[in-house]
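Reviewing the structure listed below.
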Amino acid sequence: MADEIQRLVLVTGPSGAGRSTAINVLEDLGYEAIDNLPLSLVPRLLDGPARPVPLALGLDVRNRDFSAANLIELIDRLVRQPGYAPEMLFLDCTTEQLLRRFNETRRRHPLRADGPPLDAILAERAMLAPVRARADVLVDTSELSPHDLKAELARWFDTAQGRRLTVSVQSFSYKRGIPQGVDMMFDCRFLSNPHWAPSLRALDGRDAAVQNYVASDPRFAEFFQRVRDLALFTLPAHLEEGKAHLAIGFGCTGGQHRSVTMAEKMADALAKAGWQVSIRHRELERREKAPAPGDDGLVTAPRTERAQGQTAVRGGAN
């Protein structure tokens with residue numbers, strides 16, 4: 001009877017947090033996706049036999065019958081129906097980031113088109129607070145590109161059978177906070193810092209000179225081997241458990257030299273071992289000029305030609 005249960009994802013969140021992008025991602029994952037559906041029409045849509053594919057519904061505060069109370073009442077009703085498996089996906093974002101997105105795009109806030117964006121953002125956040133508290137999956141998009149959001153949603157909602165495990169290797173700066181969604185994290189701040197070598201300070205961990213400097217630390221070889229062995233030991237178990245994505249993070253003080261070196265070398269080692277690996281250097285991306293956000297506020301930072309060639313490392317058939 002489990003095959004007759006309709007998987008249903010309700011997607012909402014403050015305007016500009018990435019709901020439209022999330023709906024597109026879920027559609028790419030095989031969901032039947034419908035955006036901007038009035039709450040009053042949801043029961044009619046769900047009337048009848050279960051669909052052969054999971055369903056994703058985008059719910060927007062702009063709809064005339066939207067309210068936190070109505071949405072929570074709908075969720076409670078669906079939970080009581082045995083034929084549905086409803087999940088609430090809430091896309092959140094910091095107030096500061098939402099304000100920046102609206103200012104950069106010069107779009108009017110849908111809640112109060114004629115007023116200051118900040119007032120509308122705060123009012124919408126207050127309106128959605130009870131819904132946020134009921135969320136099954138909460139994703140903060142403040143620091144996520146569309147690619148990052150897709151990877152995060154795939155971890156929660158990918159229903160494909162027989163999929164491969166994708167490994168994401170990331171570098172970051174502890175000064176700017178820990179990245180969202182990292183499963184395994186390693187601190188590289190004990191390694192020799194190229195920042196104090198004048199000839200290396202302006203370079204980053206993708207440069208051979210920087211990598212050689214970091215690798216010359218007598219502790220580097222054993223540290224790298226232990227982390228690699230741990231990853232290779234646990235990755236098959238994660239695959240057996242059904243995970244679609246695993247994120248490994250390396251952090252240092254500035255996110256430019258040591259963590260980048262470790263991420264580069266680890267991605268290469270895991271790819272050579274047959275795993276499908278993507279790589280991201282968060283702080284290096286921040287240094288590049290970002291274009292204006294898209295319709296829902298999310299941006300994709302441009303990469304230099306050199307960075308583009310190292311964004312993804314393709315592994316084998318694991």
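Being a predicted model, the structure only gives us computed values, none of them experimental. For reference, positions follow the sequence shown, starting with 1.
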For this session: Decide yes or no on side chain to side chain contact (heavy atoms under 4.5 Å, CB included) for Phe90 and Val139, but give the supporting numbers first.
Result: CA-CA 6 Å; Phe90 193 95; Val139 177; over 6 Å; no

Indicate yes or no for a side-chain donor-acceptor contact from [X] to the backbone of [Y] under 3.5 Å, with no hydrogens or angles considered.
X: Asp217; Y: Arg219; answer: yes
X: Ser67; Y: Asn70; answer: yes
X: Arg226; Y: Ala221; answer: no
X: Arg206; Y: Val260; answer: no
X: Ser142; Y: Gln97; answer: no
X: Tyr31; Y: Val25; answer: no
X: Gln276; Y: Thr166; answer: no
X: Gln170; Y: Ala247; answer: no
X: Asp204; Y: Gln256; answer: no

Atom [atom1] of [X] and atom [atom2] of [Y]: how far apart are they, to the nearest 0.5 Å?
X: Arg228; Y: Asp268; atom1: CZ; atom2: CG; value: 11.0 Å
X: Cys188; Y: Phe223; atom1: SG; atom2: CZ; value: 4.5 Å
X: Phe172; Y: Phe250; atom1: CZ; atom2: CZ; value: 9.5 Å
X: Cys93; Y: Asp140; atom1: SG; atom2: CG; value: 6.0 Å
X: Phe186; Y: Ile248; atom1: CZ; atom2: CD1; value: 6.5 Å
X: Leu191; Y: Phe220; atom1: CG; atom2: CZ; value: 7.0 Å

Cluster overlap [X] with [Y], hydrophobic side-chain contacts below 4.5 Å:
X: Met184; Y: Val277; answer: yes
X: Leu8; Y: Ile72; answer: no
X: Ile75; Y: Leu45; answer: yes
X: Leu10; Y: Val53; answer: no
X: Leu59; Y: Leu138; answer: yes

Could you check whether [X] pairs with [Y] (Lys NZ or Arg NE/NH1/NH2 to Asp/Glu carboxylate O, under 4.0 Å)?
X: Arg100; Y: Glu96; value: no
X: Arg7; Y: Glu87; value: yes
X: Asp76; Y: Arg134; value: yes
X: Asp92; Y: Arg125; value: yes
X: Arg286; Y: Glu283; value: yes

Would you indicate whether the side-chain heavy atoms of [Y] and [X] approach each other to under 4.5 Å?
X: Arg176; Y: Arg282; value: yes
X: Arg101; Y: Thr141; value: yes
X: Arg201; Y: Pro194; value: no
X: Met262; Y: Val169; value: no
X: Pro14; Y: Leu98; value: yes
X: Leu246; Y: Leu239; value: no

So which heavy atom on [X] is nearest to which on [Y], and how close?
X: Met185; Y: Ile178; value: SD-CG2, 3.5 Å
X: Ala273; Y: Leu232; value: CB-CD2, 3.7 Å
X: Leu71; Y: Met88; value: CD2-CE, 3.8 Å
X: Ala267; Y: Ile279; value: CB-CD1, 4.0 Å
X: Ile23; Y: Leu57; value: CD1-C, 4.0 Å
X: Leu91; Y: Ala17; value: O-CB, 3.4 Å

Problem set entry | Enclosure of Arg44 CZ (heavy-atom neighbours >12, cutoff 6.0 Å) | no

For this session: May I ask you to establish whether Arg189 and Tyr174 are in a cation-pi arrangement, using a distance under 6.0 Å from NZ or CZ to the six-membered ring centre and at most 45° from the ring axis?
Result: yes

Are [X] and [Y] close enough that a side-chain donor and a side-chain acceptor fall under 3.5 Å?
X: Arg19; Y: Thr12; result: no
X: Glu264; Y: His281; result: yes
X: Asn24; Y: Thr21; result: no

Problem set entry | CA sep, side-chain torsions, deciding dist, call: Val9, Asp136, side chain to side chain contact (heavy atoms under 4.5 Å, CB included) | CA-CA 10 Å; Val9 180; Asp136 298 293; over 6 Å; no

For this session: Determine, step by step, whether Leu200 and Leu203 satisfy the side chain to side chain contact (heavy atoms under 4.5 Å, CB included) criterion, reporting the C-alpha distance in whole Å, the side-chain angles of both residues, the deciding distance to 0.1 Å, and the verdict.
Result: CA-CA 5 Å; Leu200 302 178; Leu203 304 178; 4.1 Å; yes

For this session: Determine the interplanar angle of the His257 and His195 rings, folded into 0 to 90°, and report it as parallel if under 30°, tilted if 30 to 60°, perpendicular if over 60°.
Result: tilted

For this session: Please assess Phe157 against Val137 for the test side chain to side chain contact (heavy atoms under 4.5 Å, CB included), listing each intermediate value before the final yes or no.
Result: CA-CA 10 Å; Phe157 300 108; Val137 178; 3.9 Å; yes

